[in-house]
Amino acid sequence: MNTSRKLRIGIIGNGGICRGAHTPAYKRDPRVEIVAACDIVPGRAEAFARECFPGATPYIDYRDLLARDDIDAVDICTPNYLHSEIAVAAFAAGKHVFCEKPDAIDPAKAQAMKDASEKAGKLLMVMRNNRFADGSRYARKLVESGRIGEIYAGRCGWQRRRGIPGKGGWFTTKAQSGGGPLIDLGVHMIDLAIWLMGNPRPVSVSGATFCKFANDDKSDSVNSAFGEARSDGIFDVEDLAMGLIRFENGAVLQIEFSWASNVQRETRYVELRGTKAGITWRDGDYVAIHGEDEDQLVDIIPPGPLNDDGHTRNLRNFVDVLLEGAEPCYKPQQGVDMIKILAAMYESAKTGAEVRI
Ligand SMILES: NC(=O)c1ccc[n+]([C@@H]2O[C@H](COP(=O)([O-])OP(=O)(O)OC[C@H]3O[C@@H](n4cnc5c(N)ncnc54)[C@H](O)[C@@H]3O)[C@@H](O)[C@H]2O)c1
């Protein structure tokens, strides 16, 4: 890329995550210029541009934004079902793509994004913000140095007591979201666990899903503010998913994700068991290593504060790759594998049997 000028980005989808996480990240990066904004709700892109990036041109149809030849990259912050469609169109228009998680709502759509990126020779990166938390980086360095040993088992989850996002809107409509907490939250913690495990290849999945809180309107999660609720809307996704993933190297990972369930409180976690030490990662700002030293059981716990602003760092990695030739933290095949795991979980929940990937 030409590094003598700023990276010119258009943001498509100007709702919660665009304003809450991407906007502050770009505002802090002087190498970036937001030149276009797009949202299908009339007036939304205009208001977003006026309030956040004066000078950015607002669009209602993303194809008009993609038709501009002075835009280097797009950042997709739309509902899940549009990620693949917009990414494929963006690659055809010669843009690099940053996309919010989950990669896509089914494996074929995730594969289509990867293929289009390769055909165009343009970068595809999908948000994996949890990899960039201080605690995650520390744990990963210990794994790479061999100090955790062979990781053969683990569990991860994101449990919410109450916290259904945008109830009745796109989040709870299977055709638009691809599923409930498994795809919404699972993509975060399963990715972090597998990344820390050294990216073993998943081979089978077994799981169950439940929907017991579709008529419950309470919330105790700030995260449930995402999306737009609709009282007359659809709720045809799960509110709890539990399962087990097996990997080619024999390792296993237990998983559990809920938007609503009767647990003590909201928590997100990864626990990994290695032959030399174990890792507990919790809520983005806590990590502990459990091992032995001089014949004693010992825990190593960095006192913190541990930075959990992974969104900013993930977006910075995208810019670093394009402008400075940095190594991308994410490989599109990891996205395809992730969506295959989630699809297999849904299939297993339906059939009651273990599903090969
Ligand atoms: N990484 C994270 O921590 C995190 C957190 C929340 C959401 N997300 C992801 O971000 C994405 C958006 O979630 P959100 O919470 O911001 O949802 P949201 O509903 O608040 O925002 C989505 C926006 O996209 C717009 N949109 C819909 N169709 C469009 C189209 N065809 N063209 C242009 N704009 C369109 C909507 O009008 C809305 O403004 C989702 O994929 C979600 O999974 C990620």
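Only heavy atoms go into these numbers, but all of them, side chains included; no hydrogens, no water, no symmetry mates. Indexing begins at 1, ligand by ligand and atom by atom, following the structure's order. Everything quoted here is computed from the prediction, not taken from an experiment.
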Counting only nitrogen or oxygen atoms and a 3.5 angstrom limit, does [X] reach ligand 1?
X    : answer
P102 : no
Y62  : no
I60  : no

Looking at non-hydrogen atoms alone, which of [options] comes nearest to [atom]?
atom                    : options               : answer
atom 8 (N) of ligand 1  : R44, R63, E100, H83   : E100
atom 2 (C) of ligand 1  : R128, E85, H311, M127 : H311
atom 25 (C) of ligand 1 : D39, I11, I86         : D39

Which of the atoms in ligand 1, numbered in the order shown and given with their element, are less than 4.0 Å from a heavy-atom of [X]?
X    : value
G227 : 15 (O), 19 (O), 20 (O)
G15  : 16 (O), 20 (O), 21 (O), 23 (C), 39 (O)
F171 : 15 (O)

Answer with side chain, backbone, both or neither: which part of L82 has a heavy atom less than 4.0 angstrom from an atom of ligand 1?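 Side chain only.
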Relative to ligand 1, is F48 under 4.0 angstrom through side chain, backbone, both or neither, heavy atoms considered?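 It is neither part, as no heavy atom is under 4.0 Å.
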Looking only at protein heavy atoms, identify the closest one to atom 13 (O) of ligand 1 and say how far it is in Å.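 Residue, atom and distance for the closest contact: W170 CZ2, 3.6 Å.
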Quick test: of every protein heavy atom, which one is nearest to atom 41 (O) of ligand 1, and how far off is it to 0.1 Å?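 Checking every protein heavy atom, the shortest distance to atom 41 (O) of ligand 1 gives N80 OD1, 2.6 Å.
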Assess the side chains of [X] and [Y]: does a donor N or O sit below 3.5 Å from an acceptor N or O?
X    : Y    : answer
D103 : Y330 : yes
D72  : H96  : no
Y59  : E46  : no
Y346 : E238 : yes
E228 : W170 : no
N130 : R268 : yes

Which word best sums up how the rings of W259 and F235 line up, parallel for under 30°, tilted for 30 to 60°, or perpendicular for over 60°?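 Rings of W259 and F235: perpendicular, as their planes differ by over 60°.
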Sole residue of M242, M189, Q159, M345 in side chain to side chain contact (heavy atoms under 4.5 Å, CB included) with F257: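 So the option named by the test is M189.
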Examine ligand 1 and decide if any of its atoms is less than 4.0 Å from a heavy atom belonging to H188.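 For ligand 1, residue contact (heavy atoms, under 4.0 Å) with H188 is present.
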Please evaluate residues W158 and E256 with respect to the criterion side chain to side chain donor-acceptor pair (under 3.5 Å), reporting the C-alpha separation (whole Å), side-chain torsions for both, the decisive distance (0.1 Å), and the verdict. CA-CA 7 Å; W158 187 331; E256 56 172 327; over 6 Å; no
